[in-house]
Amino acid sequence: MTPCFPGPVKSSSSIRLALSTWTEVENYLQSCKGVILPIGSTEQHGPTGAIGTDALTAEAVSLEVGKKTGVLVAPVQAYGMAEHHLGFPGTMSLKPDTLLSVIHDLLFSLASHGFERIFVVNGHGGNIATTKAAFSKVYGTALSRGLSTAPNLRCRLVNWFMAGSVFNEAKKLYGDKEGQHATPSEIALTLHLEPTLIEKQHKLPAAAPAGPIHGFEDFRKRYPDGRMGSDPFLAHPDHGANLLEKASEDLSIDLIRFLDES
Ligand code: NI
């Protein structure tokens, strides 16, 4: 059966896996083999950004994509590979091999129940390499364990912050002040999602410029307040609402294509 997309829904409650019963999931699988898995990170985002930024944003974008397409959304995997941020309190990181196992096991669970198109919406650059490695690994496991879904199993990674229209809008709004970490675009999205965060915003001195990423001690020396080249004070909740709409529009088109892919 071709994995189809069920069509838009009004509220996100009907597409949240966490709010579904197993019988509803079984019924869903009769007509759709697609699922969205948000992944983020729990790590410092500069002196004014929330520790949960990458998980909050990935989940919010996923739920909007779910509403636009009717595709189920799994709970966010809120811990990611954030080893280089461990020099800042509050950061909680999974080592690359731990994250590889976690993502692999989540993908395998979904595949073992009949999901054939797993659309991973990522909010953190540090997860990219490991997530792709988990895709390679799960294809092999699905085959070696003889899953009926193995021949048709496809996983796709998309980074919401790199979606074409998000990238262009961030460039237009913030220019080179977008930077690489604790960016005004991701902070704007959190301000839209959680207005209490607005109180934490204040003008900051110029950020350390972008540069290499090595160990966490080196990271803190190079980027003393945690930001890399960004000015999050430019962020506004209205920008966040707009970026959420742009990201979910772009990624919905991408998801529908992915569901149709052979
Ligand atoms: Ni981030």
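Just follow the structure's listing: the first ligand is 1, and inside any ligand the first atom is 1. The first residue of the sequence shown is numbered 1, and numbering continues consecutively from there. What you see below is based on every heavy atom in this structure, not just the backbone, and it leaves out hydrogens, waters and symmetry mates.
- Of the possible donor and acceptor atoms, none in the side chain of Arg145 sits under 3.5 Å from a partner among the backbone N and O of Gly140.
- Among protein atoms, those of element N, O or S found less than 2.8 Å away from the Ni ion (ligand 1) are His45 NE2, Asp54 OD1, Glu186 OE1.
- Each side chain to side chain donor-acceptor pair (under 3.5 Å) pair with one or both residues in residues 95-106, not counting sequence neighbours, appears once here: His104-Thr141.
- Remark: side-chain polar atoms of Ser248 are not paired, donor with acceptor, to backbone N or O of Val65 under 3.5 angstrom.
- Side-chain contact between Tyr28 and Pro6 is present, with at least one heavy-atom pair separated by less than 4.5 Å.
- Summarising the local packing, CZ of Phe135 is surrounded by more than 12 heavy atoms from other residues, nucleotides or ligands at distances under 6.0 Å.
- In this structure, the side chains of Phe115 and Thr149 stay at 4.5 Å or more apart for every pair of heavy atoms.
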